[in-house]
Structure formats: structure tokens, C-alpha cells
Amino acid sequence: MKYLGVIGDPDKKSLSPSFQQAALDHLRLDIVYEAWPTPPEGLELRVKGLRAPAVLGANVTIPHKVAILPMMDELDDLVRRVGAVNTVVNREGRLCAYNTDVAGFLRALREAGQFDPSGARAVVAGAGGAARAIVTALIQAGAARVIVINRTFSRATKLVEDMRPLAGPTDLRALPDAYISWVSAAVGADLLVNCTSIGSDSSAATKRDPEEVDSPVPADVIRSGVLVYDLIYRPAETPLMAAARQRGARVLGGLPMLIYQGAESFRLWTGREAPVEVMFEAARKALAAAEGGAA
Ligand code: NAP
């Protein structure tokens with residue numbers, strides 16, 4: 001018997017065990033995928049455990065994606081570019097770090113969103129870990145322009161400065177989170193990606209002021225020709241997606257990216273192609289059960 005797991009916040013329930021285990025069982029692999037809730041002070045010990053011969057590797061999620069980086073033995077190129085790890089492979093006691101969020105985002109964009117990012121003009125809301133992966137992905141895919149808008153402007157400018165040496169012909173810029181920025185960024189944009197946590201169930205639960213906005217983007221700047229891609233998968237339709245739909249825009253939620261990043265991790269651990277339809281079905285079931293209060 002071999003083991004895999006997801007290293008994450010003890011207070012947050014990850015969907016990965018549900019759909020990864022379904023995929024492993026479907027292919028009759030003798031592997032158990034577990035939830036490994038880990039507080040920050042327990043991360044070092046948890047990483048030590050990953051070197052055991054029975055452990056194939058792990059997924060890494062909020063809040064450990066950056067903190068785990070110096071504990072790795074080998075870093076894939078994309079990990080260096082993004083500055084975050086979401087997958088670890090144990091190769092005979094050596095821990096090799098990967099970032100499959102980049103591939104997961106692009107596959108979801110192309111397959112579920114039917115959108116070709118090459119030459120696209122994109123607006124990215126947010127400048128955290130997810131935004132770094134998405135900006136890297138858009139540069140890699142040959143986007144013509146990427147504008148990053150974030151509440152904390154210094155974080156957006158830092159992201160853009162870090163990524164600019166790798167941006168090639170992509171016109172990469174940061175703008176402060178002000179109405180005028182959204183208006184100017186929306187001109188000619190064909191893709192808008194929400195990489196903030198605004199609109200997620202967890203951000204709604206921690207909202208102190210009921211008047212607080214639940215969408216990162218002013219609705220009136222959304223045009224009908226744009227694809228609005230929200231990385232959030234809980235709820236399945238966020239207030240941003242609902243507003244975009246109302247304005248005639250196409251929308252894409254975060255579930256396909258979650259599945260496709262997991263499929264890429266699965267391939268790294270097992271060497272097998274992941275049965276993505278099985279993963280989608282298991283994830284949808286787990287989400288429905290959680291909504292009904294069963295999980
Ligand atoms: P993170 O590093 O904590 O970044 C959070 C981002 O949200 C920051 O840009 C932050 O702005 C912004 N933000 C949070 N609350 C805000 C508020 N009240 N007003 C304005 N901005 C706010 O998190 P992350 O790892 O990037 O993840 C971001 C979201 O993407 C999460 O909802 C996560 O679940 C989702 N995600 C989905 C997938 C997937 O596979 N579908 C993968 C990765 C992430 P400041 O910089 O100003 O704090």
C-alpha cells in the first residue's frame with residue numbers, strides 16, 4: 001500500500017481526497033489519498049514524513065504553498081517562476097517540487113472555456129499565489145497583454161516586477177484597485193480572471209460588514225464579448241459570475257482548474273493519465289454533499 005495526501009489548513013476541508021481517491025480506485029491502484037491537516041508549525045515534520053518509502057508524494061495548498069519551497073530538494077522550473085509549490089513527488093527520499101496550477105488553469109481555459117489565450121488581452125484580479133500562477137500561465141501561452149489589479153497595489157507591482165523578465169512580448173502592467181483602472185483595463189480585454197477570494201463561501205462566512213462587496217470587479221465594466229473566469233469553485237456560481245452572465249458575458253468557474261491541476265499531479269505520482277470524468281463526478285458529489293451539510 002502506498003500513500004498520497006493533501007497538506008493544508010486544518011480548518012479548511014479540501015476536495016482533493018474525494019476526487020483523487022475516486023481516480024485511484026477507478027484505475028485499481030493500491031494507493032490511499034488522505035487529508036493531512038497541518039498547522040504552520042507542523043509543516044517541517046509533515047515534510048519529513050513525505051520521504052518515507054510508502055509515500056509517493058503530496059498536494060500542497062493554502063497556506064503552505066510558499067513556505068514549503070525551501071524544504072524541497074529539487075524545484076521544477078515552473079516552481080521557480082511562480083514561487084509556489086502545489087505538488088511534491090517523493091523520488092527515493094528526494095522531494096521534487098512542481099506547480100501544476102499553471103497547466104490546470106490553461107487546460108481548463110482551453111477545454112472548458114473554449115478560449116485560446118495566445119494573443120489574448122487579459123485582466124487579472126488579485127496578486128496572491130493563484131494570481132502568480134495565472135500570470136505565469138498567460139505569459140507562457142503568449143497572451144498579448146496582462147493587467148494585474150489588486151487591493152494591495154504594492155503586491156500587484158511586485159508580481160509584475162518579478163514576472164517582467166520572463167514576460168517576452170506580453171505587455172504586463174499593474175494598476176491600483178480603483179474604478180478608473182477597471183474601466184481602462186476592460187477596454188479591448190477578452191479575458192477577465194478572478195484570482196481573489198472575494199465571492200467564495202469562506203470569504204462570505206468571514207464577512208464582518210454585510211455591505212462589503214462580494215465581487216472584485218465593478219459589474220458595469222464587464223462587456224458581452226469577454227470570458228469571465230472565476231477560480232473559485234465554492235459556490236459553483238459566484239456573484240461575479242452571475243453579474244457577468246447577466247451582462248451577456250461567457251463565464252467559467254474554478255472546478256475544471258481544480259480537477260485538471262489534480263490530474264497533472266496524478267500523472268506525476270503514478271505515471272498514468274488521470275480519468276478526469278471520474279474526478280469531475282466525485283468532486284461534484286462531494287460539493288453537493290457539503291452543501292447539504294453532509295460533509
Ligand atoms: P492568497 O494568496 O491568499 O491571495 C488572496 C487574494 O485575494 C489577494 O490578492 C488578496 O488581496 C485578495 N483579497 C482577499 N480578500 C479581499 C478583499 N476583501 N478585498 C479585496 N481583495 C481581497 O490566495 P490564493 O492562493 O491566491 O487563492 C485565491 C483564490 O483562488 C482562493 O479563493 C482559492 O480558493 C482560489 N484558487 C482556486 C484554484 C482552483 O484550482 N480552482 C487554485 C488556486 C486558488 P491583498 O493582496 O490585498 O490581500
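All ligand and atom numbering here is 1-based and tracks the order in the structure. Residue numbers count from 1 along this sequence. These figures come from a predicted structure and were not determined experimentally.
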Polar side chain donor-acceptor pair, Trp182 to Asp177, under 3.5 angstrom: yes
Asn150 N/O to ligand 1 N/O under 3.5 Å: yes
Check: Gly248 main-chain N/O paired with Ser224 side-chain donor or acceptor under 3.5 Å: no
Proximal ligand 1 atoms for Ile62, defined as those under 4.0 Å from one of its heavy atoms: 25 (O)
Any N or O of Ile198 closer than 3.5 Å to N or O of ligand 1: no
Arg151 N/O to ligand 1 N/O under 3.5 Å: yes
Aromatic ring proximity, centroids under 6.0 angstrom, Tyr260 and Phe280: yes
Full working for ring pair (Phe, Tyr, Trp, His ring centres under 6.0 Å) between Tyr229 and Phe115: CA-CA 11 Å; Tyr229 184 172; Phe115 185 94; 9.1 Å; no
Atoms of ligand 1 close to Gly126 [distance to a heavy atom under 4.0 angstrom, numbered from 1]: 9 (O)
Check: Gly126 main-chain N/O paired with Arg155 side-chain donor or acceptor under 3.5 Å: no
Location of contacts on Ser197 toward ligand 1, heavy atoms closer than 4.0 Å: both
Which of the ligand 1 atoms, numbered from 1, are nearer than 4.0 Å to a heavy atom of Gly129: 2 (O), 26 (O)
Basic-acidic side-chain contact under 4.0 Å: Asp77, Arg81: no
Close side-chain approach of Ile31 to Tyr3, heavy-atom, < 4.5 Å: no
Ring pair (Phe, Tyr, Trp, His ring centres under 6.0 Å) contacts touching residues 137-159 (sequence neighbours left out): none
Ligand 1 to Leu231 polar contact by distance, N or O atoms, under 3.5 Å: yes
No-hydrogen, no-angle side-chain donor-acceptor test under 3.5 Å, Thr196 and Asn194: yes
Contacting atoms of ligand 1, where contact means under 4.0 angstrom from a heavy atom of Tyr233: 41 (N)
Ligand 1 versus Ala133: contacting region, heavy-atom distance under 4.0 Å: neither
Which of the ligand 1 atoms, numbered from 1, are nearer than 4.0 Å to a heavy atom of Gly128: 2 (O), 4 (O), 9 (O), 26 (O)
Nitrogen or oxygen atoms of Ser200 and ligand 1 under 3.5 Å apart: no
Euclidean distance, Glu281 CD relative to Ile259 CD1, rounded to 0.5 Å: 11.0 Å
Selected option - heavy-atom contact closest to atom 26 (O) of ligand 1, from Ala125, Ala130, Ala127: Ala130
Numbering as shown, the atoms of ligand 1 that approach Ile232 to under 4.0 Å (heavy-atom distance): 32 (O)
Ala131, any N or O under 3.5 Å of ligand 1 N or O: no
Ligand 1 to Arg155 polar contact by distance, N or O atoms, under 3.5 Å: yes
